[in-house]
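Here's the structure, in structure tokens; my notes come after.
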Amino acid sequence: MSASTKRPRLKLNLLGNDGQRKCKEIMERPVKVLQIGEGNFLRGFADWMLHESARQGKFHGSVAVTQPRPGGKAKLEQIRDQDGLYTMITRGLSQGKPVERTELISIFSQCINPYEEWDAFLNLAELPSLEFVISNTTESGLKYIQADYIEGEPVQSFPGKLTIFLHQRYLKFDGDPSRGLIHLPCELLEGNGDVLRSCVLRHSEDYGYSDGFRSWIENHNYFLNNLVDRIVTGAPTQEEADSLTSRWGYEDQLINTAEPYHFWAIQGDESLDKKLPLKQAGLNVHWVKDLKPFQIRKVRILNGAHTLMSSLGILQGKQHVRETLEDPYFGPWIREAVHQEIVPALDMPDHQLDQYAEEVFERFLNPYIDHKLQDIALNTIGKFKVRVLPTLLSYEQIQGSWPERLIQGVAGLLCLYRPVNTPEGYKAQRLNGEDILLRDDPDVLAALAAHWEGYDSLNGTQNQLDNRVAAVLSDTLIWGENLDAREGLRAALVREIDLLEGERK
């Protein structure tokens, strides 16, 4: 942005008296949440929810935010420089209608860098008001890494820091059972709460903490498994940010954008909503006894549809999810695959699954999100084994036949994943002959390259194709089992691959 158009940075003193009063009223509430993670997702998901509940007068607390890694210092300083304020833009489709809302979020009351303010970070543990720890450190951040603790120096890992933090609280309150915390790790790992508890208990042994402390952790702290779902797209383009800055009269380096859809399932007693009143605020938050049905629903329908369409879409020259769903052929095809083949293979009420599927399609059609098929195709083989293969096998077991559209999706995968090793990496071809780079497990790509080596899709015979497909399906390195042992699967795939190969000729 040029100097002539530069606007003042968003701060409390830029707001009018009424705006300042509303923000301060929330920011000056006692800290109830320690948030470990300063990134776009938590600011567009949990913080947005907490602010909405606070705005309605239901959540009477604020958030102290810290970063999980030294590299988060710059973002934390931006939050601090803007007095904890940022602009949240929610836009997309909701029940078929365009939605665009702009809100000023003021839920942060403290910003603490644990790598430079270690004592201040530990002092948060002594706050009587503190009740929750919410984190998003990515999947790589939620794991046990053995490391010694030197008094006064921060450890690098998130679970390690949390263990020391909790020990400080245990000592401060003499192991008071009522001072345990409720932990909501939002990292996308199955059993994320269980994983975090396990890491804390292992670190407590590393650091030589007492049996009493470990008992307090196990019996008086809640580590809740939970599932989060919202597409948070982060900062807008520079061109749009400049336009917004001109309209608002201030510069916001923390502008965040997200889709209207949001979903948070938490495996815990619904009475906890009294402490974290998000459901009370009308938000799509569910306290559940069993998280697994929600996880399966998301993986098989939302993620499954993404993975199913990616290979066929890429083969046909499609670039984005929205473009694929708007296509006169692919749009109905993916809808029918979900409603007629994925939903019947799930052990849940069909009407609930169909409703969820329609919400998913609406999200796919969001005009503000350009979700690239090639990004979805990253590590496709591993994703396919989790997202599509269980549905394929379950459908055949229930119905006694192979599902037509899922088979077509697998055929598209096998047509695309015929890697050729080049100096730039493993490459494949679209149906129009255009080369694309495959990004997947190198061992899997090498195995696939060996199975397809020398095969000429333009001149190959039916028997040659049958042999190649048999070799791929029987490779347990790729699938984790011998899929060629599944009766009728190879024949169904060869038939569909032959039809796709005809489009190359």
Side-chain angles (χ1 to χ4, degrees), residues 40 89 91-93 96 98 229-241 257-261 301-338 342 357-384 387-388 405-406 408-420 422 424-441 445 448 457 496-497 499-505:
N40 293 330
I89 302 174
R91 56 191 184 180
L93 300 175
D229 189 7
R230 192 183 205 193
I231 298 173
V232 178
T233 44
T237 64
Q238 186 60 54
E239 180 180 2
E240 185 180 7
T257 59
E259 64 174 339
Y261 182 87
I301 294 179
L302 188 151
N303 302 125
H306 268 156
T307 298
L308 194 62
M309 72 168 68
S310 64
S311 295
L312 274 175
I314 290 170
L315 271 175
Q316 300 280 4
K318 302 298 181 187
Q319 302 293 328
H320 298 100
V321 169
R322 184 177 68 254
E323 169 197 7
T324 307
L325 200 62
E326 289 173 340
D327 183 87
Y329 169 76
F330 278 112
W333 180 85
I334 194 66
R335 289 176 183 272
E336 290 165 3
V338 170
I342 295 178
E358 288 305 314
E359 292 173 340
V360 166
F361 297 141
E362 187 170 70
R363 298 171 70 187
F364 287 178
L365 291 168
N366 189 333
Y368 295 101
I369 297 176
D370 290 327
H371 199 167
K372 294 181 180 179
L373 292 179
Q374 282 194 259
D375 289 341
I376 294 170
L378 175 66
N379 296 320
T380 281
I381 299 297
K383 290 176 179 176
F384 188 91
R387 299 174 174 185
V388 179
R405 294 163 193 82
L406 296 190
Q408 290 169 349
V410 183
L413 179 73
L414 297 187
C415 278
L416 182 64
Y417 268 65
R418 298 176 181 179
V420 175
T422 74
E424 294 82 28
Y426 283 98
K427 289 186 176 181
Q429 285 189 338
R430 301 182 193 267
L431 292 178
N432 64 4
E434 178 188 354
D435 286 343
I436 62 166
L437 192 66
L438 297 178
R439 298 175 295 167
D440 216 304
D441 183 315
L445 290 175
L448 286 165
S457 61
E496 292 298 335
I497 292 171
L499 290 173
L500 280 171
E501 296 294 10
E503 298 182 36
R504 291 187 194 267
K505 298 175 183 179

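These numbers come from the heavy atoms of this one structure, side chains and all, not from hydrogens, waters or symmetry mates.
- At a threshold of 4.5 Å between non-hydrogen side-chain atoms, the residues E259 and R230 count as touching.
- In this structure, Y261 and L93 have side chains that are not in contact, with every pair of non-hydrogen atoms separated by 4.5 Å or more.
- To the nearest 0.5 angstrom, L438 atom CG is 11.0 Å from N379 atom CG.
- With contacts defined as side-chain heavy-atom distances shorter than 4.5 Å, the pair E496/L499 qualifies.
- What you find for A258 and T233 is that their closest heavy atoms are N-OG1, 4.1 Å.
- Summarising the geometry of V321 relative to I376, their closest heavy-atom pair is CG2-CD1, 3.3 Å, with the distance given to 0.1 Å.
- With contacts defined as side-chain heavy-atom distances shorter than 4.5 Å, the pair I436/L416 qualifies.
- Counting only heavy atoms from C-beta outward, the side chains of N40 and T257 never approach each other to under 4.5 Å.
- The two residues G409 and W333 make their nearest non-hydrogen contact at N-CZ2, 4.1 Å.
- Of the inter-residue distances, the one linking I314 atom CD1 with K372 atom NZ reads 12.0 Å to the nearest 0.5 angstrom.
- With a 4.5 Å cut-off on side-chain heavy atoms, D327 and Q316 do not count as touching.
- Residues D441 and I381 have side chains not in contact (no heavy-atom distance under 4.5 Å, counting atoms from C-beta outward).
- Here the closest non-hydrogen pair linking L315 and R430 is O-CB, 3.6 Å.
- A salt bridge between D375 and R439 is present, with a side-chain N of the basic residue lying under 4.0 Å from a carboxylate O of the acidic one.
- Residues Y426 and L448 fail the side-chain proximity criterion, which asks for heavy atoms closer than 4.5 Å.
- Between R387 atom CZ and T380 atom OG1 the span is 8.5 Å, to the nearest 0.5 Å.
- Remark: the backbone N or O of L378 is paired with a side-chain donor or acceptor of K383 at under 3.5 angstrom.
- The minimum heavy-atom distance linking Q429 with G433 is given by the pair NE2-O, 3.5 Å.
- In this structure, CD1 in I369 is found 8.5 Å from NE2 in H371, a value given to the nearest 0.5 Å.
- Among all heavy-atom pairs drawn from K318 and T324, the shortest one is CB-OG1, 3.6 Å.
- With sequence neighbours excluded, no residue forms a ring-ring contact (aromatic ring centres under 6.0 Å, His included) with F330.
- Taking CG of L413 as the start and CG of L312 as the end, the distance is 9.0 Å to the nearest 0.5 Å.
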(request) For side chain to side chain contact (heavy atoms under 4.5 Å, CB included), just list the numbers for F361 and V338, CA-CA rounded to whole Å, side-chain angles, deciding distance to a tenth of an Å, and then say yes or no. (result) CA-CA 10 Å; F361 297 141; V338 170; 3.8 Å; yes

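- Between the NE2 atom in H320 and the CD atom in E326 there is a gap of 11.5 Å [rounded to 0.5 Å].
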(request) Given side chain to side chain contact (heavy atoms under 4.5 Å, CB included), test L373 with M309 step by step and report yes or no. (result) CA-CA 8 Å; L373 292 179; M309 72 168 68; 4.1 Å; yes

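- Between the side chains of T237 and E239, no donor-acceptor pair is found at a separation under 3.5 Å.
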(request) I would like to know whether S457 and R418 meet side chain to side chain contact (heavy atoms under 4.5 Å, CB included); could you show each step before the answer? (result) CA-CA 10 Å; S457 61; R418 298 176 181 179; 3.6 Å; yes

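- Between F364 and H306, the ring planes lie parallel to each other; the angle is under 30°, not in the 30° to 60° tilted range.
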